[in-house]
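Worksheet: one structure, shown below.
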Amino acid sequence: MKKNFIIALLVFLIYPNLFADGIPTWYSEDINVSEQEISRKNSEGVYADFIDRTFSACSYVKVDDEIQSLEEARTAAEKVASEKLDSYLKAHKENEALKNEHILQGWSYDYSLENGGAYVQVQVVVKKEKPKAPEGPSVVADTKKELSENPNPGRVIMYGSDRLTLVDTIKFSSEESIEAHRVSVTTKEDAGGKLSKYSTSKSVFYYPDGTLISDTVYNLTNTVLEFTLKNIVKGRKTLIIIRTDVSDVFSDSDEIRLSYRGHNYKSKFEKDRKNSWRNVIFELEEGTITEYSPQILIEDSEKKVSIGTIFVYQKL
């Protein structure tokens, strides 16, 4: 008796679906659709934002004279659910080339009827690269003001007499981007031995031209942020442009400080509680960068600073 109980327990643990009964909670007659935004490499090998849409369809097939076992019922139900998905995707003009293969997400046997049947759930994921916001025209800027207020500087910009192209972007909303750029944070202790703090948050603010931008930022107080640049040609003039929140009227900070191998830079900004986004700009002259993967530090400040998306341009 004990031996039979152990065997039955093992079968239950290994094949829990064999003991299912009735309609499973995930079963639905409708096509269910969910979306997830994720960052991954595109066909060009560059990190980009994608929208993954997951389509789910369920089906139930009963054991009868033609379907003579639960396993056959499950296979037949999987086929029916897959056909429902294909029909739905075609009707809604989803690009077939962008979808993954059908995935058997779940199945369950039903013993409540005389011969039983099988419930299945099949999924298809359609991955589409998120459309990019229209790039702004080339920026002609004799001073920093025009560029500091531009929400979409574009792939190629004019800055003074220099023509520069976008070579790298660091997005703190993307774990892949954070890992690829080796982003790290170093906290410190103040005079009283209290450890400094930092946090990340999603902020939605306006630029002065009325463009609304959502971005993930690091909020730093007495904390050093370090990151590595990619796709760099050493020796060329480089602009590092950092999106920042300038709305914190309770902070005395009005500058961000950056350093690279003994070269120290600072970029000041004015407070603006209404239109809170600005771009702070750091110019690294020709001959300054001596590595293909330079490590950059945003120096600690006693007052909070907010660091958003980082754009890196180099002279053509």
Side-chain angles (χ1 to χ4, degrees), residues 33-40 42 46-54 127-137 139 141 144-155 157 166 168-181 183 185 196-223 225 227 239-258 267-282 298 301 303-313:
V33 184
S34 62
E35 288 188 357
Q36 179 185 16
E37 188 170 328
I38 190 170
S39 180
R40 65 165 65 90
N42 60 18
V46 178
Y47 279 101
D49 292 331
F50 281 76
I51 295 178
D52 290 1
R53 303 188 74 198
T54 300
K127 300 178 180 180
K128 291 184 180 180
E129 188 170 347
K130 188 176 181 181
K132 296 180 180 178
E135 291 185 351
V139 176
K144 292 183 177 181
K145 178 175 173 58
E146 291 89 346
L147 189 54
S148 70
E149 296 182 355
N150 193 302
N152 299 298
R155 187 168 295 278
I157 64 173
L166 182 69
D168 196 15
T169 305
I170 304 175
K171 293 186 176 182
F172 299 121
S173 59
S174 165
E175 290 297 329
E176 291 88 348
S177 182
I178 291 173
E179 182 177 348
H181 292 90
V183 176
V185 176
S196 60
K197 295 182 179 181
Y198 73 94
S199 64
T200 59
S201 61
K202 189 170 184 178
S203 300
V204 182
F205 296 125
Y206 287 97
Y207 274 88
D209 69 351
T211 301
L212 185 66
I213 296 289
S214 173
D215 202 1
T216 299
V217 300
Y218 270 87
N219 302 300
L220 310 173
T221 305
N222 196 30
T223 304
L225 180 69
F227 52 89
L239 285 188
I240 299 177
I241 301 175
I242 301 174
R243 179 179 290 144
T244 187
D245 168 16
V246 299
S247 66
D248 190 354
V249 296
F250 299 103
S251 171
D252 294 332
S253 179
D254 62 355
E255 68 177 22
I256 293 177
R257 294 182 292 120
L258 180 147
S267 184
K268 290 185 173 293
F269 54 82
E270 295 181 359
K271 298 296 179 65
D272 187 340
R273 197 171 186 180
K274 181 179 178 181
N275 302 304
S276 303
W277 284 136
R278 290 295 190 280
N279 304 323
V280 292
I281 304 164
F282 300 91
I298 294 179
S301 171
K303 303 297 182 180
K304 188 187 82 171
V305 294
S306 298
I307 307 299
T309 297
I310 301 173
F311 307 92
V312 184
Y313 289 83

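Keep in mind the model is a prediction, meaning the values are calculated, not measured.
Looking at N152, its side chain never comes within 3.5 Å of a backbone N or O of G154 through a donor-acceptor pair. Remark: the backbone N or O of E146 is not paired with any side-chain donor or acceptor of S148 at under 3.5 angstrom. The closest donor-acceptor contact from the side chain of T244 to the backbone of S306 lies under 3.5 Å. Side-chain atoms of D209 do not come within 3.5 Å of backbone N or O of P151 as any donor-acceptor pair. Within the 3.5 Å criterion, the main-chain N or O of K171 finds a donor-acceptor partner in the side chain of S177.
Within a 6.0 Å sphere centred on NZ of K202, heavy atoms belonging to other residues, nucleotides or ligands number 12 at most. Within 6.0 Å of CD in E175 there are 12 or fewer heavy atoms belonging to other residues, nucleotides or ligands. Annotation: Y218, atom OH; neighbour count of heavy atoms from other residues, nucleotides and ligands within 6.0 Å is above 12. Sparse packing is recorded around OH of Y198, with 12 or fewer heavy atoms of other residues, nucleotides or ligands lying under 6.0 Å away.
Between the side chains of D215 and S203, no donor N or O sits under 3.5 Å from an acceptor N or O.
Atom CD1 of residue I157 and atom CG of residue N150 lie 9.0 Å apart, to the nearest 0.5 angstrom. If you take CD1 on I281 and CG on L258, they are separated by 13.0 Å, rounding to the nearest 0.5 Å. Residue I242 holds its CD1 atom at 4.0 Å from CD1 of I298, rounded to the nearest 0.5 Å.
A heavy-atom distance below 4.5 Å is not found between the side chains of F172 and T200. By the 4.5 Å heavy-atom criterion applied to side chains, I307 and I256 are counted as neighbours. Here the side chains of H181 and I310 are not in contact, with every heavy-atom distance at 4.5 Å or above. Proximity of L239 to L147: side-chain heavy atoms (C-beta onward) are separated by under 4.5 Å at one or more points.
Taking the salt bridge (Lys or Arg N to Asp or Glu O under 4.0 Å) definition, one finds that D245 meets it with nothing, sequence neighbours left out. In terms of the side chain to side chain donor-acceptor pair (under 3.5 Å) criterion, K274 has no residue partners (sequence neighbours excluded).
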Query raised in the report: Yes or no on side chain to side chain contact (heavy atoms under 4.5 Å, CB included) for S201 and N219, after CA distance, side-chain angles and deciding distance?
Result: CA-CA 8 Å; S201 61; N219 302 300; 3.1 Å; yes

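Of all heavy-atom pairs spanning R155 and Y313, the tightest one is O-CE2, 3.8 Å. Nearest heavy-atom pair, F311 versus R243, reported as atom, atom and distance to 0.1 Å: CZ-NH2, 3.8 Å. For the pair V305 and E255, the tightest heavy-atom approach, listed with the atom from each and the gap, is CG1-O, 3.9 Å. Considering every non-hydrogen atom in both P208 and R278, the closest pair reads CG-NH1, 3.2 Å.
The aromatic rings of Y207 and W277 sit tilted, their planes meeting at an angle between 30° and 60°.
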